[in-house]
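Report on the structure given below.
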Amino acid sequence: MLQHRLFVYIDQVARSGSIRKAAERLHISASAINRQLIALEEELGTPLFQRLPRKMILTAAGEALIHHVRQSFKEIEIAQMKIEELKGLRRGEVTVAMMSGLAANLIPRVAAEFRRANPRVKLLLQQLTTGENITNAVASGEADLGIGFDFDLQPVHRNIASVPVRLGAVVGAGHPLAEKSSLRLSDCLPYPVVIADKSMVIRPYLNEVFARASINMQPVIETNSIEVMRQSAMMDQTLTFLTPIDIESDQRSGRLVYIPVRELAQHTQTLMLIGHDRGTSAIGSVFAETIKGMMSELR
């Protein structure tokens, strides 16, 4: 509080060019302002004002300080606006752009927790097909937040949180491999495989691993839908390759099983939560903190 008050004194003296006029506007004594200014100049070891007979003019050091002072005022004003937003019964909207696998698992769980604490806030959850679509939505302001894997970020983006995850084999609970604690890629060959198509971020990882292992994988289905992969593994006893995040709810209910694959152990994807570098609304920040909390549980 003392620092903020001193900043107000300096700003008013700079604006009015006079300690007396600043004192009148602030309804305090001119001597009190003068004492504070002298003490600060002594602490800094340099004058902040040229004290002319009829006017106070900022020195170069004073100009540098006043820039910091006024920037601080702007930041305090933004913080106060966000606090007022939160005090207003937490109303508003938050738009989140997400990759498909998160729509059936992580995001609904985050949304349920957030809605319990913020029932008056409207969530706009948009499933987009590519990472580029998501980063573009955040950059343009169409989305407050974006969440997905391995984004190619630009200076306009801010990486709010990230967590590494590993691809593995996913099968239904009744699959012959379901009881295995780990697999090799060769163990997967006898079974029908559903695989991500070339439009998905999963595919380059798989292609690299298959090539390194000299395996020519022949999938029965290629798809850009994680929902198709999940449902096929449950209904058709196929095998697919996903992360634990993609099957979180099915794994908890016992419908699907995630099995580490040795050749994929060194290949991580990064789940990323991003925003715009200029920040987001107060309630958007609250939603981001809820997502961050659940992401931290995945480490």
### Task
Start with the C-alpha gap between Ile57 and Phe49, add the side-chain angles, then the distance that decides, and say whether side chain to side chain contact (heavy atoms under 4.5 Å, CB included) holds.
CA-CA 5 Å; Ile57 299 176; Phe49 290 92; over 6 Å; no
query = Can you list the steps and then say if Leu242 with Met229 is a side chain to side chain contact (heavy atoms under 4.5 Å, CB included)?
reply = CA-CA 9 Å; Leu242 294 169; Met229 298 180 211; 3.6 Å; yes
inquiry  = What verdict does the side-chain hydrogen bond (donor to acceptor under 3.5 Å, both in side chains) test give for Ser31 and Ser29, after you've listed the backbone C-alpha separation in whole Å, the side-chain angles of each residue and the deciding distance to 0.1 Å?
reply    = CA-CA 5 Å; Ser31 61; Ser29 69; 3.3 Å; yes
- Please report the C-alpha distance between Met294 and Glu113 in whole Å, then the side-chain angles of each, then the deciding distance to 0.1 Å, and finally whether the side chain to side chain contact (heavy atoms under 4.5 Å, CB included) criterion is met. CA-CA 10 Å; Met294 290 203 178; Glu113 179 176 319; 2.9 Å; yes
Open item on the list: Working note: Ser232 + Thr240, criterion side chain to side chain contact (heavy atoms under 4.5 Å, CB included); need CA distance, chi angles, decisive distance, verdict.
Closed with: CA-CA 9 Å; Ser232 179; Thr240 191; over 6 Å; no
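Taking all atoms of both residues into account, the shortest heavy-atom contact from Val170 to Tyr258 is CG2-CD1, 4.2 Å. Across Leu6 and Gln36, no two heavy atoms sit closer than the pair CD1-CB, 3.7 Å. Smallest separation of non-hydrogen atoms from Leu123 and Ala111: CD1-CB, 3.8 Å. Between Ile66 and Ala14, the closest heavy-atom pair is CD1-CB, 4.1 Å. Residue Thr135 comes nearest to His157 through the heavy atom pair O-NE2, 2.8 Å, listed as atom of the first residue, atom of the second, then distance. Among all heavy-atom pairs drawn from Leu256 and Ala233, the shortest one is CD2-CB, 3.7 Å.
The CD1 atom of Ile160 sits 8.0 Å away from the CD1 atom of Ile274 when rounded to the nearest 0.5 Å. The CG atom of Leu106 sits 13.5 Å away from atom CE of Met99, with the distance rounded to the nearest 0.5 Å. From Met272, atom CE reaches atom CE of Met295 across 9.0 Å, with rounding to the nearest 0.5 Å. Distance check, rounded to the nearest 0.5 Å: CZ of Phe210 to CD of Glu263 gives 9.5 Å. With values rounded to the nearest 0.5 angstrom, Met56 atom CE is found 12.5 Å from Lys21 atom NZ. Here CD1 of Ile19 is found 12.5 Å from CD of Gln12. Values are rounded to the nearest 0.5 Å.
Remark: the backbone N or O of Lys122 is not paired with any side-chain donor or acceptor of Glu93 at under 3.5 angstrom. Looking at Asn136, its side chain does come within 3.5 Å of a backbone N or O of Glu132 through a donor-acceptor pair. With hydrogens and angles ignored, the 3.5 Å screen pairs no side-chain donor or acceptor of Arg158 with any backbone N or O of Gly275. Checked by atom type and distance alone, the side chain of Thr238 never pairs as donor or acceptor with a backbone atom of Pro192 at under 3.5 Å. Distance alone, capped at 3.5 Å, is enough to place a donor-acceptor pair between the Thr59 side chain and the Pro47 backbone. No side-chain donor-acceptor contact under 3.5 Å links Thr280 to the backbone of His276.
With 3.5 Å as the limit, one finds a donor-acceptor pair spanning the side chains of Asp246 and Thr243. Of the N and O atoms on the side chains of Ser18 and Ser16, not one donor lies less than 3.5 Å from an acceptor on the other residue.
Of the charged side-chain nitrogens involved, at least one lies within less than 4.0 Å of a carboxylate oxygen, so that Glu24 and Arg20 count as a salt-bridged pair.
Under the 4.5 Å side-chain heavy-atom criterion for ILVMFWY residues, a single connected hydrophobic cluster contains both Ile28 and Ile10. In the hydrophobic clustering of ILVMFWY residues, with side-chain heavy atoms under 4.5 Å counting as a link, Val194 and Ile245 come out apart. Hydrophobic cluster membership differs between Met200 and Leu128, with clusters built from Ile, Leu, Val, Met, Phe, Trp and Tyr side chains linked at under 4.5 angstrom. Taken together through direct or relayed side-chain contacts under 4.5 Å among Ile, Leu, Val, Met, Phe, Trp and Tyr, Val163 and Ile247 form parts of separate hydrophobic clusters. One hydrophobic cluster, built from ILVMFWY side chains closer than 4.5 Å, cannot hold both Val165 and Leu206; they sit in different ones.
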Table please: side-chain donor-acceptor pairs of residues 144-154 below 3.5 Å, with sequence neighbours left out.
unit_1	atom_1	unit_2	atom_2	d
Asp144	OD2	Thr95	N	2.7
Asp150	OD1	Thr270	N	2.9
Asp150	OD2	Tyr205	OH	2.5

Show me the side-chain donor-acceptor pairs of residues 172-189 shorter than 3.5 Å, one per line, residues at least two apart or across chains.
unit_1	atom_1	unit_2	atom_2	d
His175	ND1	Leu177	N	3.0
Asp187	OD2	Arg184	N	2.8

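Counting only heavy atoms from C-beta outward, the side chains of Ser249 and Arg109 never approach each other to under 4.5 Å. With contacts defined as side-chain heavy-atom distances shorter than 4.5 Å, the pair Ile291/Phe114 does not qualify. Looking only at side-chain heavy atoms (C-beta outward), Leu271 and Leu102 come within less than 4.5 Å of each other. Looking only at side-chain heavy atoms (C-beta outward), Val96 and Val110 stay at 4.5 Å or farther from each other.
For Glu227, the CD atom counts as densely surrounded, since its 6.0 Å shell holds more than 12 non-hydrogen atoms of other residues, nucleotides or ligands.
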